[in-house]
There are 2 protein chains.
Amino acid sequence: MEALSARHIKVLQAVVEDYIHSGEPVGSRTLSRSPRFQLSPATLRNVMADLEESGFLCQPHTSAGRIPTDLGFRFYVNNLPAFTAVSSEARRQVRDRLAGSGGRLEEVLQDGVFTLAQLTPYVGVVSLPDFRQMVVRHIRFVKLHERRILTVIVSVSGAVQNVLFESETVLSQDQLNRFSNYLNALLGNLTLSGIKRMVLQEMASDKQGYDELFAQVLALSRSFFAKDPDQQSDVMLDGKLNLLEHPEFADVERMKEIFKAFEEKGSILKILDGALGGEQLRVIIGAESCCQEMRHCSLVTAEYGREGRTLGRVGVIGPTRMDYSRIIPLVNYIADAMSRRLQQ
Amino acid sequence: MEALSARHIKVLQAVVEDYIHSGEPVGSRTLSRSPRFQLSPATLRNVMADLEESGFLCQPHTSAGRIPTDLGFRFYVNNLPAFTAVSSEARRQVRDRLAGSGGRLEEVLQDGVFTLAQLTPYVGVVSLPDFRQMVVRHIRFVKLHERRILTVIVSVSGAVQNVLFESETVLSQDQLNRFSNYLNALLGNLTLSGIKRMVLQEMASDKQGYDELFAQVLALSRSFFAKDPDQQSDVMLDGKLNLLEHPEFADVERMKEIFKAFEEKGSILKILDGALGGEQLRVIIGAESCCQEMRHCSLVTAEYGREGRTLGRVGVIGPTRMDYSRIIPLVNYIADAMSRRLQQ
DNA sequence: GTTAGCACTCAACCATAAAGAGTGCTAACG
DNA sequence: CGTTAGCACTCTTTATGGTTGAGTGCTAAC
């Protein structure tokens with residue numbers, strides 16, 4: 001397998017692009033008819049045979065045209081000749097949708113995946129930030145019943161989370177209010193994990209001479225953290241039905257597989273946040289995801305965040321035969337728009 | 001179309017049951033082989049022809065066996081010869097699941113649909129109570145930022161709801177706490193709509209001589225209700241993938257249709273809560289739902305509630321070819337188990 | 001009222017044939 | 001030596017037709 005000549009690359013690109021748009025295996029004849037080549041089918045056949053040997057193309061069967069392998073798509077994406085700019089219509093839709101709602105984290109994320117599902121024939125996907133890693137703006141305790149307490153946690157990015165737990169002693173709502181105030185005053189810029197760490201440290205140091213209030217807050221916090229809201233992060237999907245429009249998922253078995261992966265979101269999450277080297281944009285093609293059920297899918301995702309902090313990734317899931325040159329700029333654009341919206 | 005003879009009924013039941021278990025059109029031969037008939041195929045053919053004429057059976061094409069129409073299933077369900085008792089294994093699973101979690105409304109509902117999806121090859125479905133109709137146990141206001149206020153509402157059945165709104169004036173958290181306390185003291189057994197009604201009445205009466213606090217609480221409530229959390233009720237589904245196992249949904253087009261209905265939950269909700277005559281148990285067969293996309297599906301649902309109040313309906317969605325004699329008791333059982341769990 | 005017999009219909013299956021697309025290989029060409 | 005035309009070959013797709021089997025409706029006899 002030697003280096004690819006300029007012609008090889010050009011042919012590979014042509015095959016990939018044709019396949020992306022037609023969905024059919026592409027043969028040497030079709031290719032030679034294209035005005036971008038002045039070559040006969042025979043010559044192209046030779047080139048394509050080389051590309052097949054190198055693993056960039058394959059044939060569904062003898063006497064069919066070629067289709068790109070994952071490797072072929074990978075090469076194509078890494079050497080994308082040109083991007084399709086995000087249309088002004090699409091920009092408008094993104095802007096309108098994001099501006100139209102409240103700006104709470106969940107709303108922004110929902111708007112993001114919704115717009116992606118609208119603007120593409122693929123599935124919009126976004127990973128929710130791990131709640132424990134989010135900077136807390138506000139904690140409030142609400143007494144429900146006896147020792148049953150509802151905790152309302154609001155993050156700086158506007159996410160609201162409710163956690164139920166049981167305190168060790170019965171406390172009045174007034175006491176809880178004082179605790180809330182105390183904690184909030186203390187809070188400056190800590191994440192939930194940060195608060196937990198602090199509480200545990202303080203308890204371990206076991207100083208005497210705490211004022212009563214602080215001791216009580218610590219005790220309460222401990223029972224709160226004992227429950228460890230391992231609510232973990234989660235993913236949101238939109239537009240699953242879009243996938244049904246693609247011929248590659250006409251087969252019920254294949255569909256079932258992918259929907260199974262969607263149902264238990266864990267595996268999607270792992271693919272999204274899995275590779276920890278947080279590149280701004282990431283394209284995962286077919287089997288690269290290492291997820292059996294997703295081997296016929298590609299993911300294009302980008303980071304979104306707030307004030308320099310990465311919160312998660314947003315993007316689309318579609319067939320490996322995806323219109324990368326259009327999708328990549330679009331995903332970038334939406335991730336950016338969401339981050340800007342969250343800033344406000 | 002005259003009244004059905006005992007024999008007609010027996011044949012209809014046999015056809016329905018055979019079809020439910022085989023999924024294939026059932027012919028006169030098959031039927032006559034069954035030990036429950038001592039009749040020749042020819043005789044059965046005559047009976048079946050009558051049933052077809054009356055609209056209880058139909059043929060996919062000449063020279064195929066018969067399958068029940070919606071009307072046939074309807075008759076069968078209305079005259080169910082016997083129920084299959086809920087197995088002790090199933091009871092155990094329901095009990096374990098419900099006992100295992102926290103008892104918050106959402107958890108109970110989730111456990112309910114989950115168990116249904118586990119125990120049947122169909123989709124578990126439950127309608128969430130309309131939040132405005134739920135009796136409020138607790139209201140709490142949390143100041144987020146300037147005039148931005150988060151309201152946490154807890155219902156007696158343990159549902160928690162967050163609503164964001166903007167107050168007219170800037171208030172401190174201390175003030176909000178006092179308002180919360182005041183409102184909660186006032187609250188005794190009102191629904192959210194009830195509270196709204198009360199607030200509007202009080203404001204309309206426009207008495208002078210309110211104490212300051214009450215006036216402020218009223219003002220705050222008004223801006224809260226101005227937003228009208230028309231969060232409406234919602235539905236939860238589980239086990240959508242179960243449907244893919246049924247031969248009747250092997251066709252991608254049909255699948256797409258149903259999943260579309262699932263996606264926009266409004267239509268499901270309408271079917272569930274639509275017919276307002278709240279029978280304890282309800283079976284909706286095929287086109288009876290009046291929902292185009294659901295015409296190949298049946299729903300078996302039962303009411304669940306708390307302290308005599310109906311909160312919503314829980315049940316399953318499956319193909320019209322559903323094992324009604326097993327499903328009906330099961331749905332009843334789960335609805336009952338959920339209601340009992342909510343009582344605690 | 002029930003049954004046996006018979007002609008008929010129709011989907012499903014299978015084999016075969018023909019068409020069409022595409023290939024690899026070879027030999028000729030500039 | 002790269003390029004091209006030609007050709008035999010492969011393999012899918014589509015159409016065709018015949019056969020089988022399940023099931024029916026009708027009629028006549030029991």
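All figures in this text were calculated on a predicted structure; none of them were measured in a lab. Reminder, nothing fancy here: chain letters follow the sequence lines and each chain counts from 1.
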Identified stems (criterion: three or more consecutive Watson-Crick or G-U pairs, under 3.5 Å), DNA chain D: C:1-30 with D:1-30
Protein-nucleotide distance (Leu31(B), atom CG; dG23(D), atom P), rounded to Å: 10 Å
Residues Glu52(A) and Arg66(A) bridged, charged N to O under 4.0 Å: yes
Arg91(B) (side chain) donor-acceptor with Val86(B) (main chain) under 3.5 angstrom: yes
Interatomic distance where CD belongs to Glu52(B) and P belongs to dT24(D) [whole Å]: 9 Å
Nearest-Å distance for atom pair CG/C1', residues Leu57(A) and dT23(C): 14 Å
Contact list for DNA chain D against residues 10-28 of chain A - heavy-atom distance below 4.0 Å: none
Gln292(B) backbone acceptor or donor facing Arg295(B) side chain under 3.5 Å: yes
Partner of Glu248(B) under side-chain hydrogen bond (donor to acceptor under 3.5 Å, both in side chains), chosen from His296(B), Arg254(B), Arg321(B): Arg321(B)
Residues which pass salt bridge (Lys or Arg N to Asp or Glu O under 4.0 Å) with Glu293(B), listed by chain and number, not counting sequence neighbours: none
Aromatic centroids of His246(A) and Tyr122(A) separated by under 6.0 Å: yes
For Asn332(B), side-chain contact (heavy atoms from CB on, under 4.5 Å) partners two or more places apart: Gln280(B), Leu281(B), Ala302(B), Ile328(B)
Test: Lys256(B) and Glu245(A) ion pair at under 4.0 Å: yes
Set of salt bridge (Lys or Arg N to Asp or Glu O under 4.0 Å) partners for Asp238(A), sequence neighbours left out: none
Protein-nucleotide distance (Leu44(B), atom CG; dT24(D), atom P), rounded to Å: 9 Å
Nucleic acid footprint by protein, nucleotides 2-18 of chain D - heavy-atom cut-off 4.0 Å, B for base, S for sugar-phosphate alone: -SBBB---BBS------
Rounded interatomic separation in angstrom, taking CG from Leu51(A) and P from dT23(C): 12 Å
Check: Met294(A) and Ile268(A) side chains under 4.5 Å, non-hydrogen atoms: yes
Whole angstrom value for the distance that separates C1' of dA21(C) from CZ of Arg66(A): 13 Å
Sugar-phosphate, base or nothing in reach of Ser32(A), heavy atoms under 4.0 Å: nothing
Qualifying residue for ring pair (Phe, Tyr, Trp, His ring centres under 6.0 Å) with Phe56(A), from Phe73(A), Tyr76(A), Phe75(A): Phe75(A)
Integer-rounded Å distance: dG25(D) C1' and Asp50(B) CG: 13 Å
Between dG22(C) (P) and Ile67(A) (CD1): distance, integer Å: 14 Å
